[in-house]
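The structure under discussion appears below in the form of structure tokens.
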Amino acid sequence: MPELPEVETIKTDLEKVILNQTITKVDVLRASVVKQPEINKFKAGLTNALIKQIIRRGKLLVIDIQTKDKKTLYLTIHLRMTGQLVYGALDKKARVSFKLSNGDYLCYNDQRTLGELRLVKDWKQLSVVAKMGPEPLSSEFKLNLFAKILAKRSAKIKPLLLDQHFIAGIGNIYAAEALFLSKIMPDRLACSLKPDEVKLLFKNIKQVLNKAIKCRGSSFSDYRDGHGQKGNFSQHFYVYGRKAQPCLVCKNKIQRIALGGRGTFFCGKCQV
DNA sequence: CGGGGCTCCTGTGCGC
DNA sequence: TGCGCACAGGAGCCCC
């Protein structure tokens, strides 16, 4: 569900309310979402731990904690499709809940339970993190490297944008929107993009992610911010979820196809 | 390397 | 109303 802008919104929301609080109680109501270590160790490590810092890498949230015996550990949370991390009152639907020192709760909700929570010593050594591509909004994401990699790849551009080893944090919504803004058909082969198109796509990836962050993310369906509120970027979608509706630029009907098993929206007239 | 299919789950909406 | 199927912001795995 949540992509980079949504996870970033949750991060900044939670930074204002959970930093320097102690976790006084941990309840795991759905054991399958806790992947590492086993439940009792997970709970023991977090109980009476101090929340020090929140980090985002791609779609992964990393909460830096100091345990009651002064060790540094990291709680990593991947929200997958329907995960939510909401601060406030205890939610009856929570899969995992953390009671905080001020009496409020941090609830991990997840309808489909595909999300993953881990408590680890070194989050950068997790294989998902080690294999992750560059952060698209950081200076490590460079046009010449982007162009070089695209030139070598024969995969279709849209599934490639979703590949977290290639770039971190882009999901189905922002891949579709960035390609629309760049006037590129989602099924074009990466190596077929012309230099101007590569440049445009590079710029639009950054632009659409930044705009979505300003709008506090997209609540197409389940996404909620750190306070349980919806994001506003869905109002600005050009193509995502707009099958059969008129293109906002040329009035042509937006089409939907499947690419790599994922719904893919585009305008057949604006995109080439 | 690329892509298809399947899997982890739960819920909603649509067509018949 | 009821049932079955398609589909959903993700991503890993196996196989060809």
Side-chain angles (χ1 to χ4, degrees), chain A residues 1-10 29-36 56-61 76-85 92-96 108-118 126-133 136 148-179 186-192 205 208-209 211-213 215-225 230-244 256-265:
Chain A
M1 99 185 244
E3 308 178 30
L4 188 155
E6 288 75 31
V7 180
E8 182 65 22
T9 302
I10 293 170
L29 296 108
R30 174 62 73 105
S32 65
V33 299
V34 174
K35 304 294 179 185
Q36 189 186 346
R56 180 194 58 73
R57 176 75 172 95
K59 300 174 192 172
L60 190 72
L61 264 182
T76 70
I77 300 170
H78 198 305
L79 302 166
R80 290 290 184 98
M81 297 285 253
T82 54
Q84 304 173 344
L85 204 55
K92 283 179 194 139
K93 299 189 300 297
R95 303 300 191 179
V96 180
Y108 176 72
N109 307 328
D110 189 351
Q111 182 193 101
R112 288 172 71 184
T113 69
L114 295 171
E116 300 189 343
L117 278 67
R118 292 186 159 78
L126 288 172
S127 77
V128 263
V129 178
K131 293 179 194 164
M132 220 178 257
K148 221 178 228 178
I149 297 174
L150 287 182
K152 278 190 268 183
R153 296 285 219 126
S154 62
K156 294 186 174 92
I157 185 65
K158 195 251 183 176
L160 185 59
L161 291 177
L162 297 185
D163 183 349
Q164 303 299 298
H165 309 317
F166 176 55
I167 308 174
I170 300 177
N172 213 23
I173 288 178
Y174 301 110
E177 295 297 314
L179 287 169
D187 64 352
R188 288 271 299 282
L189 302 188
C191 54
S192 79
I205 286 171
V208 75
L209 294 176
K211 278 193 181 169
I213 291 171
C215 290
R216 308 185 49 74
S218 306
S219 287
F220 185 71
S221 171
D222 300 289
Y223 167 71
R224 296 296 182 273
D225 67 20
K230 293 186 178 190
N232 305 306
F233 193 71
S234 336
Q235 298 158 231
H236 303 283
F237 287 172
Y238 282 96
V239 286
Y240 188 85
R242 299 194 63 247
K243 182 184 171 183
R256 180 192 184 278
I257 56 168
L259 277 188
R262 314 292 306 277
T264 300
F265 300 88

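Letters go in sequence order (proteins before strands), and every chain restarts at 1.
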| query | In whole Å, what separates the P atom of dG9(C) from that of dG13(B)? | reply | 15 Å

| query | So what's the dot-bracket for DNA chain B: Watson-Crick or G-U pairs under 3.5 Å, [ ] if a pair crosses, | if it pairs off-strand? | reply | .|||||||.|||||||

| With distance as the sole test, does Glu3(A) use its side chain to make a donor-acceptor pair with the main-chain N or O of Ile173(A) at under 3.5 Å? | yes

| query | Rounding to a whole Å, what distance do you find between Met132(A):CE and dA11(C):P? | reply | 8 Å

| With respect to the side chain of Ile173(A), which nucleotide from dC7(C), dG12(C), dG9(C) is positioned closest? | dG9(C)

| task | In whole angstrom, give the distance that lies between atom CG of Leu126(A) and atom C1' of dA11(C). | result | 15 Å

| request: Starting from P on dA11(C), measure out to CD1 on Ile167(A) and report it in whole angstrom. | output: 13 Å

| request: Write down the distance between CG (Leu4(A)) and C1' (dG9(C)), rounded to a whole number of angstrom. | output: 12 Å

| Between Lys59(A) (side chain) and Ile170(A) (backbone), is there a donor-acceptor pair under 3.5 Å? | yes

| request: Encode nucleotides 1-14 of chain B as B, S and - characters from 5' to 3', where the letter depends on protein heavy atoms closer than 4.0 Å: B to the base, S only to sugar-phosphate, - to neither. | output: SSS----BBBS---

| Thr264(A) side, atom OG1; Asn172(A) side, atom CG - distance, nearest 0.5 Å | 6.0 Å

| request: Could you give the distance separating dC7(C) and dG4(B) at their P atoms, to the nearest angstrom? | output: 15 Å

| Side chain of Arg95(A), backbone of Gln111(A): donor and acceptor closer than 3.5 Å? | yes

| Between Leu259(A) and Pro159(A), which heavy-atom pair has the shortest distance, and what is it? | CD1-CD, 4.2 Å

| request: Report the distance from atom CD of Glu116(A) to atom P of dC13(C), rounded to the nearest whole Å. | output: 11 Å

| request: Would you mind calling dG9(C) syn or anti? Take O4'-C1'-N9-C4 for purines or O4'-C1'-N1-C2 for pyrimidines, and syn is within 90° of 0. | output: syn

| field | Protein-nucleotide distance (Gln164(A), atom CD; dC13(C), atom C1'), rounded to Å | value | 17 Å

| request: Give the rounded distance in Å between these two atoms: NZ of Lys243(A) and P of dA8(C). | output: 10 Å

| At what distance, to the nearest 0.5 angstrom, does CG of Asp187(A) lie from NZ of Lys156(A)? | 6.5 Å

| field | OH (Tyr238(A)) with more than 12 external heavy atoms under 6.0 Å | value | no

| Pairwise P distance for dC6(B) and dC5(C), with rounding to whole Å | 14 Å

| field | Nearest-nucleotide 5' precedence on DNA chain C, Lys59(A) against Arg256(A) | value | Arg256(A)

| message | Using the P atom as the point on both nucleotides, what is the distance between dC3(C) and dC9(B), in whole Å? | response | 25 Å

| field | Side chains of Val208(A) and His236(A) in contact at under 4.5 Å (non-hydrogen atoms) | value | no

| note | The single option from Tyr174(A), Phe220(A), Phe233(A) that satisfies ring-ring contact (aromatic ring centres under 6.0 Å, His included) with Tyr240(A) is Phe220(A)

| For the student: nearest non-hydrogen atoms of Leu79(A) and Tyr108(A), plus distance | CD2-CE1, 3.7 Å

| task | Would you kindly give the NE2-to-P distance between His165(A) and dA11(C), to the nearest whole Å? | result | 9 Å

| task | Compare side-chain N and O positions of Lys131(A) against OP1 and OP2 of dA11(C) and report whether any pair is under 4.0 Å apart. | result | no

